[in-house]
Novice: 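Got a structure here, written out as structure tokens. Questions coming.
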Number of protein chains: 2
Amino acid sequence: MRKSTLEEVAAAAGVSKMTASRALRGTPDVSSETRQRVLQAAEQLSYIGNRLALSLSSQRTNLVAVVVPSMSNIVFPEVLAGISAGLEGSGMQAVFGISDYDAAKEREIIHDMLSWQPSAIIVTGLDQPEETVRMLKSAGIPVIQVMDLDGDPIDFNVGLSHGRAGEEMARALVGAGRKRFGYIGSALERDLRAAKRKAGFEKVLKQNGLHFVEQQIDSTFSSIALGKRLTTTMLASVPDLDCLYYTNDDMATGGLFACMELGVAVPEKLLIAGFNGLDLASALPVRIATSRSPRRVMGETAARLVREAIADPDGSHQKTIAFTPEITGIT
Amino acid sequence: MRKSTLEEVAAAAGVSKMTASRALRGTPDVSSETRQRVLQAAEQLSYIGNRLALSLSSQRTNLVAVVVPSMSNIVFPEVLAGISAGLEGSGMQAVFGISDYDAAKEREIIHDMLSWQPSAIIVTGLDQPEETVRMLKSAGIPVIQVMDLDGDPIDFNVGLSHGRAGEEMARALVGAGRKRFGYIGSALERDLRAAKRKAGFEKVLKQNGLHFVEQQIDSTFSSIALGKRLTTTMLASVPDLDCLYYTNDDMATGGLFACMELGVAVPEKLLIAGFNGLDLASALPVRIATSRSPRRVMGETAARLVREAIADPDGSHQKTIAFTPEITGIT
DNA sequence: TTTGTTACCGATACCGGTATCGATAACATT
DNA sequence: AATGTTATCGATACCGGTATCGGTAACAAA
């Protein structure tokens, strides 16, 4: 079956294109009898409007572009789900792109997305290179940067400070009496937020006259398996650590599993700390420490800002919405 | 900064719209000097082409619509990542929609997506209601149904048989000497593939003169926490089960955690079986049985089919690509 | 009867690109 | 000098809708 156009629907209903358009959109100025005929013709031809034409003509799209770095970690899909849910009922539609933690690819994806003339764009983090920032600024639409808070926002900003999250976690752990710290990380040169957490953590360690006794940083991305492997290696060479800080909960969970297999008592002998507050982490048979980040809520909040900014483009809106991660799992 | 148009770029370069268009697209018939001027003007105005106009005019989009039921389970993001990766370099762009396991919502989303005139559409499963099927058929583009295999495909089909996956798992478990089976599920009325697995499993049990001694099915969606809770409840009332089959690995993992807290020996006393073959499952300190489904590969395969079907619309292509899940974790 | 109103509908321009065809100038060929 | 070629560019139509304005018929009011 070939795609049918409004023209064809109109012809089938014996009216003009314009009248058909009005009938389908529910505009007034159409007799209910005519409307009926058009609706029927459209149904009959299984007509689906052409949004390209609609958007081009009306000079507005219902698109919200969203760029996230990855889909392999549940964190970003959760943000997307939040955005998608937060947009529901607004007539707006999210379009996603994956940058694979690659700045060049991100630039390219943003460019592609902008060419679809979205009404707003949501990007992850505040660390876009200058050229990307310029592109975003010149797009003339609301730009929402999510997840992070450490940096200069382009426009709107929804997130939490990863630097502070690292600091707080370190403070809590030092406060709990831990002294011999190790760090296990992954892909820090690409996951800049994880790097910020580590930096914040180290800063507080230093303030307390402490430091990471041992570090193990892999260049691949975080996973449970990687956390398990690196932990096994590290505990073999430095068995007397009493606290391990990880990139995130996935890595930390792998660490916990390693400990369970090695028979290392968690948290008595070794405290394990991650980041994110995954559902997984709270269901674990042994508690690990984590900073709970409101991922879905951040997505929903970003969506709300988009709706507000579009509903009232000239209004003065709150530009920054900060979340504070709650630390759990330290007793 | 206001969005600039090709017209403006052309004016700035002192040429016609048409020449500017050619220069930017790298078409021949433009002197390198003129091309240079246009490129410079475009750069200067930070011009970004309008894909709406492009696609409307050229009558082709680079869009591939994708509809998945959820983002809360890592399974679907992985499929999306596979699709996204498989499309890379083709100039095509995936657009995602989330149906929340709701047939009505799915219908609506598919309708919305089709209005963007995608070049192909990928949907999850084979169980769309008749009206949705009609809509997909009349779209006149390649339709790829992924994940499932049990049913009548509209066009292309990439997936595995969940009915058989359930059967195979049951055969393996019965073969391993298990006799007293329990089932723990979630949202089966919406997650039809999980229901198919259960049906297949039960069929084989019956063939062996067995049945589920106890069932516990919640109406909410699968999660580790839910698996843990339901397992704790079930083991309290029926402690002598020797095998538990779950909706999926998330639920099964929760079950394992419950067992670890209750001190139930896994797998000696109780064997735990899920589905998916998540990374999580293989990193667990105790092995659980699972059927490994090639989620990312299914996404990549779907993307490949899309590319082939679009590159050669009239060619005869293989319509169905079947995967067989590998069972692991039974010793 | 004339004049307003109102309800309904159509003609036309336009959104921002691309496809197509034709025009022009410069140069080579006969 | 006349004719062909080639390289380069522009004018126009069109993609499929919507915005805008104007037209017609029916009916009410004066």
Side-chain angles (χ1 to χ4, degrees), chain A residues 2-39 41-42 45-63 91 111-112 114-119 139-140, chain B residues 2-39 41-42 45-63 91 111-112 114-119 139-140:
Chain A
R2 203 59 232 125
K3 260 165 278 200
S4 44
T5 69
L6 181 61
E7 185 93 56
E8 293 164 13
V9 172
V15 295
S16 76
K17 236 171 78 172
M18 204 51 235
T19 301
S21 170
R22 280 193 271 253
L24 290 173
R25 282 180 295 156
T27 328
D29 279 11
V30 182
S31 74
S32 59
E33 183 210 3
T34 313
R35 187 185 307 278
Q36 218 44 51
R37 276 216 317 286
V38 173
L39 257 34
L45 296 171
S46 50
Y47 170 72
I48 292 185
N50 187 329
R51 258 229 132 70
L52 298 172
L54 190 164
S55 293
L56 179 60
S57 162
S58 61
Q59 290 294 77
R60 56 204 166 70
T61 62
N62 60 344
L63 293 178
H111 182 276
D112 282 2
L114 289 180
S115 74
W116 284 103
Q117 317 291 114
S119 305
Chain B
R2 203 59 232 125
K3 260 164 279 197
S4 45
T5 70
L6 182 61
E7 185 94 56
E8 293 164 14
V9 172
V15 296
S16 76
K17 237 172 76 172
M18 204 52 234
T19 301
S21 170
R22 280 194 270 252
L24 290 173
R25 282 180 295 156
T27 328
D29 278 12
V30 182
S31 75
S32 60
E33 184 211 2
T34 316
R35 186 186 308 278
Q36 217 45 50
R37 276 215 318 283
V38 173
L39 256 35
L45 295 171
S46 49
Y47 169 72
I48 293 184
N50 186 328
R51 259 228 131 71
L52 299 172
L54 190 163
S55 293
L56 180 60
S57 164
S58 62
Q59 291 292 77
R60 57 205 166 69
T61 62
N62 60 345
L63 293 180
H111 183 276
D112 281 4
L114 289 179
S115 74
W116 284 102
Q117 316 292 113
S119 304

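Every chain is numbered from 1 and lettered A, B, ... according to where its sequence line falls, protein lines coming before strand lines. Quick note: numbers below take in every heavy atom, side chains included, and nothing from hydrogens, waters or symmetry partners.
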Novice: Say you draw a straight line from CG of A:D112 to CZ of B:R51; how long is it, rounded to the nearest 0.5 Å?
Specialist: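 Atom-to-atom, A:D112:CG and B:R51:CZ are 6.5 Å apart.
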
Novice: Any side-chain N or O of A:Y47 under 4.0 Å from OP1/OP2 of D:dG17?
Specialist: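 Affirmative; the distance criterion is met.
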
Novice: So which of residues 54-61 of chain A are in contact with DNA chain C, with a heavy-atom cut-off of under 4.0 Å?
Specialist: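 Going residue by residue through residues 54-61 of chain A, the ones with a heavy atom under 4.0 Å of DNA chain C turn out to be A:L56, A:S57, A:Q59.
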
Novice: Return the value, rounded to whole Å, for the distance between atom NZ of B:K3 and atom C1' of C:dG17.
Specialist: 15 Å

Novice: Report each atom pair, protein N/O against N/O of nucleotides 26-28 of chain D, whose distance is under 3.5 angstrom.
Specialist:
none

Novice: Rounding to an integer number of Å, can you tell me how far A:E7 CD sits from D:dC15 C1'?
Specialist: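 After rounding, the gap between these two atoms is 12 Å.
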
Novice: If you round to the nearest 0.5 Å, how far is NZ of B:K17 from OG1 of B:T5?
Specialist: 8.0 Å

Novice: Rounded to whole Å, please give me the gap between CD in A:Q36 and C1' in C:dC8.
Specialist: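 In whole Å, C:dC8 C1' and A:Q36 CD are 16 Å from each other.
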
Novice: Any side-chain N or O of B:T34 less than 4.0 Å from the OP1 or OP2 oxygen of D:dC9?
Specialist: yes

Novice: Restricting to side chain to side chain contact (heavy atoms under 4.5 Å, CB included), what partner residues turn up for B:L54, sequence neighbours left out?
Specialist: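 Only B:S58 meet the side chain to side chain contact (heavy atoms under 4.5 Å, CB included) criterion with B:L54.
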
Novice: Using 0.5 Å steps for rounding, measure from the OG atom of A:S4 to the CD1 atom of A:I48.
Specialist: 8.0 Å

Novice: For the helix from C:dT1-D:dA30 to C:dT30-D:dA1, measure the angle between the helix axis at one end and the axis at the other, each built from five pairs, rounding to 10°.
Specialist: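 The two end axes of the helix from C:dT1-D:dA30 to C:dT30-D:dA1 meet at 60°.
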
Novice: Could you tell me which residues satisfy side-chain hydrogen bond (donor to acceptor under 3.5 Å, both in side chains) with B:R25, sequence neighbours excluded, listed by chain and number?
Specialist: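 Checked B:R25 against side-chain hydrogen bond (donor to acceptor under 3.5 Å, both in side chains); matches are B:S21.
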
Novice: Between the side chain of B:S115 and the main-chain N/O of A:N50, is any donor-acceptor distance below 3.5 Å?
Specialist: no

Novice: Evaluate the side-chain proximity of A:L63 to A:Q117: yes if any heavy-atom separation is below 4.5 Å, no if none is.
Specialist: no

Novice: Mind checking the CG-OG1 spacing from A:L39 to A:T34? Nearest 0.5 Å is all I need.
Specialist: 11.5 Å

Novice: Check for a donor-acceptor pair, side chain of B:R22 on one end and backbone N or O of B:T27 on the other, with a separation under 3.5 Å.
Specialist: no

Novice: Would you give the length of the straight line joining atom NZ of A:K3 to atom CG of A:L45, rounded to the nearest 0.5 angstrom?
Specialist: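 Going from the NZ atom of A:K3 to the CG atom of A:L45 covers 15.0 Å.
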
Novice: Below 4.5 Å, heavy atoms only, C-beta onward: do B:Y47 and B:L6 meet side chain to side chain?
Specialist: yes

Novice: Which parts of residues 15-32 of chain B get close to DNA chain C, meaning a heavy atom less than 4.0 angstrom away?
Specialist: B:K17, B:M18, B:S21, B:R22, B:R25

